Amino acid sequence: MLEVQAPVDIAALPSVTEEATEFLSRQVSTLLSSRPGAGTSRVPLTLAELCVQTLVSSFAETPRDFINSPLPDKFKLRIAQRLPVELDLALAARYVTAPGEASERYWQRRTQHAAFACAADTSRHGHSWRRTFFEQKIRDELERFTVSMELDELLAVLSVAQEHVVELRLSQLPSHVDLRLLLQRLPRLRRLELSYGARELGTEYEYSAFGMHDADCASLRAALLAAALPPTSPSAESATPATPAADRTATDRAATPSSARAAVTAVGGGGGGARLERLALRNTLLDDAKLAALAPGLAACATLTELDLSHNLIGDAGLRALADALCASGVGVSLETLNVGNNALTDQSGAELGRLLAAHGRLRELAAPLNELRSSGIQALAQPLASHRRLQRLILSSCSIGNAAVETLVPLLRQHSSEAALTHVDLSGNEIDDAHGRQLAALVSGSGKMPSLQQIDLRRNAACSDETIRDALGRR
């Protein structure tokens with residue numbers, strides 16, 4: 001049996017690496033502690049271990065920016081693995097958020113100990129545990145916040161998270177809090193998905209709990225307009241309530257208490273705030289009047305490239321108001337993706353979709369499924385569609401499109417086939433017969449094939465044969 005007679009100066013041995021030194025030190029400590037009568041107090045710790053313990057135990061009182069320090073990475077990892085997950089959030093946000101493995105390790109532990117750990121998925125948050133924690137934290141805070149809660153607590157959390165939130169997905173916003181507070185306190189926010197749903201209501205609920213209110217549209221418009229201004233420019237709209245109190249419903253006034261209005265004013269009337277790149281307002285009961293009120297803000301958001309207004313109540317007048325705003329001269333916004341599916345559009349909206357296509361040369365995807373566009377609407381859209389140079393995906397499923405649209409569209413597509421970028425077209429669930437389906441299939445796999453086109457989806461067109469559908473999908 002090996003016995004240690006005296007302390008061994010391992011570091012003095014020749015050609016011993018640091019890793020070997022630590023390994024041998026642990027072996028010696030184990031042997032010493034295993035001797036008869038040896039207590040744990042006699043187990044010696046390495047100097048490095050003592051330093052790590054000291055840094056961790058004193059971090060709350062004397063925090064140190066260990067991640068940006070010259071410490072070797074392995075010691076940064078040790079510290080990050082031992083810091084308590086209950087550490088004050090403001091403290092952790094200041095000292096444990098620099099890029100690196102140590103920071104990620106800490107936020108992974110903290111996320112897995114949080115109430116929302118079961119919903120944590122880093123692939124939806126830029127594959128970053130830091131972003132996962134803060135974006136999930138802000139989502140939970142906003143979705144449970146009500147007008148009866150203290151606004152200061154919410155503002156404090158927003159301030160702590162302001163450098164770390166890039167994307168938010170909100171399925172409900174029961175407080176209907178002024179959206180200027182959200183966008184101005186999260187300046188790095190680039191993608192916002194907002195749905196005014198309501199959970200855990202029971203049977204006795206108010207219909208007003210669902211959907212965007214007029215004040216919500218006005219506050220979002222004000223936030224987008226403010227973000228478009230230089231930081232020092234005043235803006236009366238963002239410094240005053242979005243809608244005069246006399247014009248607001250009792251629900252709207254209750255949703256924005258005096259403390260919230262004061263906070264909006266305290267933010268300042270200058271520009272700044274989140275510059276959104278993607279905005280999704282699905283299932284928000286957005287109608288023509290609300291979209292018309294919101295449209296100037298959307299047009300002012302020069303960074304906006306993706307707009308999703310699907311599953312709402314938008315009709316022809318609403319789409320016309322949107323097209324007027326987004327197609328006006330001098331508008332800086334240039335959309336790449338537009339989704340207005342499952343609304344109340346009719347064939348009158350075909351010309352407005354054509355206007356949007358013509359004005360936005362960078363548009364890569366246009367989706368308008370589940371609308372009554374009919375053949376006449378597609379005929380109005382055909383010319384700007386065929387001549388567009390960047391559009392790759394067109395989704396017009398379940399739009400009551402018939403053979404007349406095909407007769408107009410096919411010749412135009414062939415005429416511009418060498419310049420088109422169109423790769424996928426979805427015409428499923430329409431009223432196209434087999435003969436006209438064959439004309440479309442020929443664009444994919446026939447002698448008049450378009451070079452860019454990969455498939456046209458003709459499924460659920462009852463009169464189209466299986467062979468036509470396969471050819472149109474490029475599956476010979």
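Because the structure is a prediction, the values reported are computed rather than measured. Heads up: numbering here begins at 1 and tracks the sequence.
- Side chain of K449 to main chain of A442: no donor-acceptor pair is present (N/O by atom type, distance under 3.5 Å, no hydrogens or angles).
- Considering only residues two or more places apart in sequence or on other chains, R94 meets the salt bridge (charged side-chain N to carboxylate O under 4.0 Å, His left out) condition with none of them.
- For the atom pair CZ (R393) and OG1 (T337), the distance works out to 10.0 Å, reported to the nearest 0.5 Å.
- Proximity of N339 to L366: side-chain heavy atoms (C-beta onward) are nowhere separated by under 4.5 Å.
- Residues that satisfy the salt bridge (charged side-chain N to carboxylate O under 4.0 Å, His left out) test with D426, not counting sequence neighbours, are absent from this structure.
- Side-chain contact of T132 with D121: a donor-acceptor pair under 3.5 Å is absent, judged by distance alone.
- The distance from the CG atom of L440 to the CD1 atom of I469 is 12.0 Å, given to the nearest 0.5 Å.
- R275 is not listed as a side-chain neighbour of C301, based on a closest heavy-atom distance of 4.5 Å or more.
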| request: Step by step, work out the side-chain contact (heavy atoms from CB on, under 4.5 Å) result for R364 and R362. | output: CA-CA 6 Å; R364 292 182 291 106; R362 294 174 58 191; over 6 Å; no
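- For H125 and F134, the ring centers sit 6.0 Å or farther from each other.
- For the residue pair H311 and N342, a side-chain donor N or O sits within less than 3.5 Å of a side-chain acceptor on the partner.
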| message | The test is side-chain contact (heavy atoms from CB on, under 4.5 Å); show your working for L394 and L422 and say whether it passes. | response | CA-CA 8 Å; L394 177 66; L422 201 61; 4.3 Å; yes
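- With hydrogens and angles ignored, the 3.5 Å screen pairs a side-chain donor or acceptor of D457 with a backbone N or O of R459.
- Note that CG of N68 is 11.5 Å distant from OH of Y95, once rounded to the nearest 0.5 Å.
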Can you give each donor-acceptor pair under 3.5 Å made by side-chain atoms of residues 350-357, sequence neighbours left out, with the distance rounded to 0.1 Å?
{"unit_1": "E352", "atom_1": "OE1", "unit_2": "R355", "atom_2": "NE", "d": "3.0"}
{"unit_1": "E352", "atom_1": "OE1", "unit_2": "R355", "atom_2": "NH2", "d": "2.7"}
{"unit_1": "R355", "atom_1": "NH1", "unit_2": "D324", "atom_2": "OD1", "d": "3.3"}
{"unit_1": "R355", "atom_1": "NH2", "unit_2": "D324", "atom_2": "OD1", "d": "2.7"}

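- Salt-bridge annotation for E143 and R199: present, with a side-chain N of the basic residue lying under 4.0 Å from a carboxylate O of the acidic one.
- Here the side chains of I395 and E365 are in contact, with some heavy-atom distance below 4.5 Å.
- Nearest approach of S349 to L373, heavy atoms of both residues: CB-CD2, 4.3 Å.
- Side-chain contact between F145 and L151: present, with at least one pair of heavy atoms (C-beta onward) separated by less than 4.5 Å.
- No hydrogens or angles considered: nothing links the side chains of N283 and S195 as a donor-acceptor pair under 3.5 Å.
- With salt bridges taken as basic N to acidic carboxylate O contacts below 4.0 Å, none links R191 and E193.
- A salt bridge links R169 and E167; the closest N-O separation between the charged side-chain nitrogens and carboxylate oxygens is under 4.0 Å.
- Atom CG of N461 and atom CD of E431 lie 8.5 Å apart (nearest 0.5 Å).
- T146 contributes atom OG1, which lies 12.0 Å from atom NE2 of H176 (distance to the nearest 0.5 angstrom).
- No donor-acceptor pair under 3.5 Å is formed between the side chain of W107 and the backbone N or O of A102.
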| task | Carefully, step by step, assess Q392 and H424 under the rule side-chain hydrogen bond (donor to acceptor under 3.5 Å, both in side chains). | result | CA-CA 6 Å; Q392 297 175 4; H424 294 79; over 6 Å; no
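- Applying the side chain to side chain donor-acceptor pair (under 3.5 Å) rule to pairs touching residues 293-307 yields R278-E306, sequence neighbours excluded.
- Salt-bridge formation is not detected for the pair E135/R139: no Lys NZ or Arg NE/NH1/NH2 atom is positioned less than 4.0 Å from an Asp or Glu carboxylate oxygen.
- One finds the OG1 atom of T122 at 5.5 Å from the CH2 atom of W129 (value rounded to the nearest 0.5 Å).
- Partners of E163 according to the salt bridge (charged side-chain N to carboxylate O under 4.0 Å, His left out) rule, which considers only residues two or more places apart in sequence or in another chain, are R188.
- Partners of L158 by side-chain contact (heavy atoms from CB on, under 4.5 Å), not counting sequence neighbours, listed by chain and number: I138, L154, L155, L182, R185, L186.
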| query | side-chain contact (heavy atoms from CB on, under 4.5 Å) between R131 and V166: does it pass, once the steps are laid out? | reply | CA-CA 8 Å; R131 268 188 54 190; V166 177; 3.7 Å; yes
| message | Could you walk me through whether R105 and L83 satisfy the side-chain contact (heavy atoms from CB on, under 4.5 Å) test, starting with their C-alpha distance in whole Å, then the side-chain angles of each, then the deciding distance to 0.1 Å, before giving a yes or no? | response | CA-CA 10 Å; R105 193 70 59 86; L83 283 176; over 6 Å; no
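- Using a cutoff of 4.0 Å between basic side-chain nitrogens and carboxylate oxygens, D471 and R438 are scored as salt-bridged.
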